[in-house]
Amino acid sequence: MVKSLTILLLLPIAAFAQLPQFQLQPGAFPVEINGVQMQQPWAGGIEYTTPELCDLDNDGDLDFYTGAPGYYIGYFKNIGLANCPEFQYVTYQVDSLHPFMDVDFVDINNDGLKDAVLGGYCYLNMGTSSQFNFCGDPDTLFDTAGNQLICPRTAAVDIDLDGDRDILAGQTNGYIRFYQNIGTSTNYSFQLGSSNWLNSSVTGGHADPCFSDLDSDGDLDLLVGTGAGTIYYYRNDGTAQNPSMTYVTNNYFGINVQMDASPELADFDGDGDLDLFVGRSPDEGQNPTQGDVYFYENVGTPQVPDFQFVTTNYLSWDCGWGATPRLVDIDGDGDPDLFSRLGSHMIYYQNQGTLQNPRFVYQSSTFGNVNIIDCTPWFVDIDGDGDYDLLVGEGDIPGPPGLHLYLNQGTPQNPNFIHITDDLVPGVFTQNSVILSPWTADIDADGDQDLFVCDGGTLYYFENTGSSTRFHFQLVSTNWQNIGSTTLAARNGFFYDMDRDGDLDFFIDTEDSYTWDERFLFYRNVGSPQNAQMVLESEDFFPEIMIRKPAPFILDMDQDGDGDMFLGDQAGGIRYFKNATGDTTAVLQPTKMRPRPCRATLTIGPNPSNPISLISFSLPSPQEVSLSVYNILGSKIATLVSGKQSAGDHTVSWNATGNASGVYLVRLTTPGEEVTQKVVVVK
């Protein structure tokens, strides 16, 4: 049975105060790239994504399974319809499934329940038709020679159409091993048929096979993901019983996901053709690409597919590697915008919603023209002139890395960052320093911002001995409040008055230098605003959620008077937690975003028109659109919209002043769809 992920994390109560309580909200508010909304943007990052779409709960639609942090299996349940999917995050740990890379859900013992085949093991489904259960011990798979099956990437398919599942396993050397099932549909027995089934090795190794009837001719064709991030295509020119794979291309539709492509074909929207998802391994480079689940929509036919790229961030928000969320009002419009590091650069999503209803829209992956290795940004008005300046920590091995300062010479509405120095506090960091992570807080309540920096191990505290307009940082401690000792490596921290008592409390991410045990700590300030005294209250603040290298940022996102938390992770994602401390409302489920249309929709009002009507239409994805007005005889009298439009809602007006009273037709045309509404003109 799926392990219960308690979305509302009720943490222990200390003797003198209640610990903060947070509610995970994976779909709290929308995030868009080029008009495409992510399904669950705040569910966190995913490592080694290996998409698998399967109806394990037997409710008639396809759910989404993929790799997860710590090499577990992630589960996103389809709460939409068979032809209109809407995926909701459930867990990043499906039962005891713990594969290194890939899983294939198939009914291998013909009992009507899909089992999990992965890495040379089979986890039999011991549940029911509506509730899967993979908690039992796995069955180790051996061939008839007594050797365990070698299955880094697994496809369990009936390749010879004899009624049982064979296993074709992608190998790290780029080959595909063929294990023929010489048993029966209810009692499997595997025999090694070939160690190189296609007599070829894919570029970059790490072959990942995906079988499906790509040309709708009744037999299985083959896509093979490669370690280089590309996809090979083999067409079956034989029969369903006797396949004969013909190499077609090593660059299928020009797809390149950079590393370890993992293709999955499925008609997940019920339109009769196969769409394509492609997973990949984490991108740890200095210029990583965004996204961890690539989606290509089939705009062709079942016989001749035409895969059109839609997005690299299908499930959740992802910046590639090591997300560091920063939310500040960079354009001076009264609501917070979103930033994170993106390798050597900064990524920027503008809040195009409101303070109460945010909507983050991608703008740039090179904000401020910052180009610093492993850049870790922090925004603060360091010179007290009313706009945000920028601190950027650098990564460097061997050190010492630099701490960069950019002063804003623009305005609060139009920032212009000028690089001032790459060594804000000279002579402090050493060759043992790795990546600098800076943040600021008025920890002594004297009206100016003090400076804290982690260097991958040590927590440095610099007091601002200047003022709010003329800063001067003086090193006070390399082991502030005994946080960041020789055995406890400190990395990312944040100050916030969580208990609203007037002083700053503290969250920090640490790692034990000996055991490599990662912990996210909470310290309560039991001192005063002027003299902080930090007491450790929780050594593992989110024990039920696997978060690697958490990077916190706290602000009152929902304007209810307390601090909510954004938490970046190593895999490049961000989780959003609503602060539920003291909230007696029994709301345990994540809030949902406004539903997105699955088909183009058209509405008109006022109707009748006298003489102006507002015509609104919604699109499920970016596409070519024609919106025109016709008279009752079918003659076009006006074109209101023509060309590619972004996903979401659009409104245009039609002024019928020059037209006679009567009935007119408003027609919205998109690829493969046409919607017509009547409008009556009355004068």
Side-chain angles (χ1 to χ4, degrees), residues 324-341 345-352 354-355 358 360 363-364 366-372 375-394 402-426 428 436-453 460-476 493-497 502-504 529-530 532 552-557 559 563 566:
T324 53
R326 307 288 186 249
L327 288 101
V328 295
D329 182 10
I330 201 64
D331 52 9
D333 63 352
D335 53 40
D337 307 294
L338 173 66
F339 296 85
S340 175
R341 77 177 179 192
H345 307 288
M346 276 199 303
I347 192 169
Y348 166 41
Y349 284 73
Q350 184 184 42
N351 187 347
Q352 295 185 2
T354 64
L355 187 62
F360 295 101
Q363 300 296 313
S364 172
T366 57
F367 181 81
N369 295 316
V370 171
N371 187 4
I372 296 171
C375 84
T376 304
W378 181 263
F379 292 91
V380 59
D381 184 6
I382 198 71
D383 53 8
D385 63 352
D387 54 35
Y388 281 107
D389 307 298
L390 178 61
L391 299 175
V392 180
E394 183 179 15
L403 182 59
H404 297 250
L405 171 63
Y406 293 77
L407 288 180
N408 187 352
Q409 302 295 320
T411 67
Q413 294 76 26
N414 294 288
N416 180 26
F417 294 106
I418 305 300
H419 189 257
I420 303 300
T421 180
D422 62 0
D423 195 9
L424 181 61
V425 285
V428 174
L436 300 187
S437 176
W439 67 93
T440 61
D442 186 6
I443 197 63
D444 50 11
D446 63 351
D448 55 36
Q449 292 289 308
D450 305 297
L451 174 65
F452 294 82
V453 182
Y460 296 83
Y461 164 49
F462 301 84
E463 182 184 359
N464 189 346
T465 58
S467 66
S468 60
T469 57
R470 291 183 62 84
F471 57 88
H472 181 267
F473 296 114
Q474 179 176 321
L475 178 64
V476 175
F494 198 92
F495 289 98
Y496 197 89
D497 185 5
D503 55 36
L504 295 174
Q530 295 77 22
F553 193 95
I554 304 172
L555 78 164
D556 186 6
M557 195 66 187
Q559 298 295 294
F566 291 83

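Keep in mind the model is a prediction, meaning the values are calculated, not measured.
- Looking at Val425 and Leu475, their side chains never come closer than 4.5 Å, going by heavy atoms from C-beta outward.
- A 4.5 Å side-chain heavy-atom check between Ser364 and Ile347 finds every atom pair outside the cut-off.
- Residue-environment remark: CG (Asn369) stays at or below the threshold of 12 foreign heavy atoms within 6.0 Å.
- Contact annotation: the side chain of Pro336 approaches that of Met557 to within less than 4.5 Å [non-hydrogen atoms, C-beta and beyond].
- Using cut-offs of 30° and 60° for the angle between ring planes, the Phe339 and Phe379 rings count as tilted.
- When atom types are taken as modelled, the side chain of Asn416 and the backbone of Asn408 share no donor-acceptor pair closer than 3.5 angstrom.
- Residues Met346 and Thr366 are not in side-chain contact: their nearest non-hydrogen atoms beyond the backbone lie 4.5 Å or more apart.
- Asn464 contributes atom CG, which lies 4.5 Å from atom CZ of Phe473 (distance to the nearest 0.5 angstrom).
- Listed here is the closest heavy atom pair of Ala441 and Phe495: CB-CD1, 3.6 Å.
- His345 contributes a side-chain N or O that, together with a main-chain N or O of Val370, makes up a donor-acceptor pair within less than 3.5 Å.
- Side chains of Phe367 and Phe417 form a contact here, defined as non-hydrogen atoms less than 4.5 Å apart.
- Put simply, OG on Ser467 and NE2 on His472 are 12.0 Å apart, with the number rounded to the nearest 0.5 Å.
- With values rounded to the nearest 0.5 angstrom, Leu451 atom CG is found 10.5 Å from Trp378 atom CH2.
- For the pair Asp497 (side chain) and Gly502 (backbone), a donor-acceptor distance under 3.5 Å is present.
- Contact annotation: the side chain of Leu391 never approaches that of Tyr406 to less than 4.5 Å [non-hydrogen atoms, C-beta and beyond].
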For this session: Could you give me the CA-CA distance, side-chain angles and deciding distance for Phe452 and Tyr461, then say whether ring pair (Phe, Tyr, Trp, His ring centres under 6.0 Å) is met?
Result: CA-CA 5 Å; Phe452 294 82; Tyr461 164 49; 5.0 Å; yes
For this session: Could you go through the side-chain contact (heavy atoms from CB on, under 4.5 Å) check for Trp439 and Phe494 one step at a time?
Result: CA-CA 7 Å; Trp439 67 93; Phe494 198 92; 5.7 Å; no
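- For the side-chain contact (heavy atoms from CB on, under 4.5 Å) test with Phe462, the passing option among Asp450, Val428, Leu403, Leu424 is Val428; the others fail.
- A side-chain N or O of Thr376 and one of Arg341 form a donor-acceptor pair less than 3.5 Å apart.
- Of the possible polar contacts, one joining the Asp442 side chain to the Asp446 backbone as a donor-acceptor pair under 3.5 Å is found.
- Atom CG of Asp387 and atom CD1 of Ile382 lie 12.0 Å apart (nearest 0.5 Å).
- At a threshold of 4.5 Å between non-hydrogen side-chain atoms, the residues Gln530 and Asp444 do not count as touching.
- Across every non-hydrogen atom of Arg326 and Pro438, the tightest pair is NH2-O, 4.4 Å.
- Remark: side-chain polar atoms of Asp337 are paired, donor with acceptor, to backbone N or O of Ile330 under 3.5 angstrom.
- Between atom OG1 of residue Thr465 and atom CZ of residue Arg470 there is a gap of 11.5 Å, rounded to the nearest 0.5 Å.
- With values rounded to the nearest 0.5 angstrom, Leu390 atom CG is found 10.5 Å from His404 atom NE2.
- Here the side chain of Asp331 pairs no donor or acceptor atom with the backbone of Gln413 at under 3.5 angstrom.
- A donor-acceptor pair under 3.5 Å links the side-chain atoms of Asp329 to the main chain of Gly334, judged by distance alone.
- In terms of modelled atom types and a separation under 3.5 Å, the side chain of Asp381 and the main chain of Gly386 share a donor-acceptor contact.
- With Glu394 as the fixed residue, the side-chain contact (heavy atoms from CB on, under 4.5 Å) test singles out one of Asp422, Ile372, Leu436, Asp423: Ile372.
- Closest heavy-atom contact between Ala445 and Pro529: CB-O, 3.5 Å.
- Scanning both residues, Pro552 and Gly493, for their nearest heavy atoms gives CG-C, 4.1 Å.
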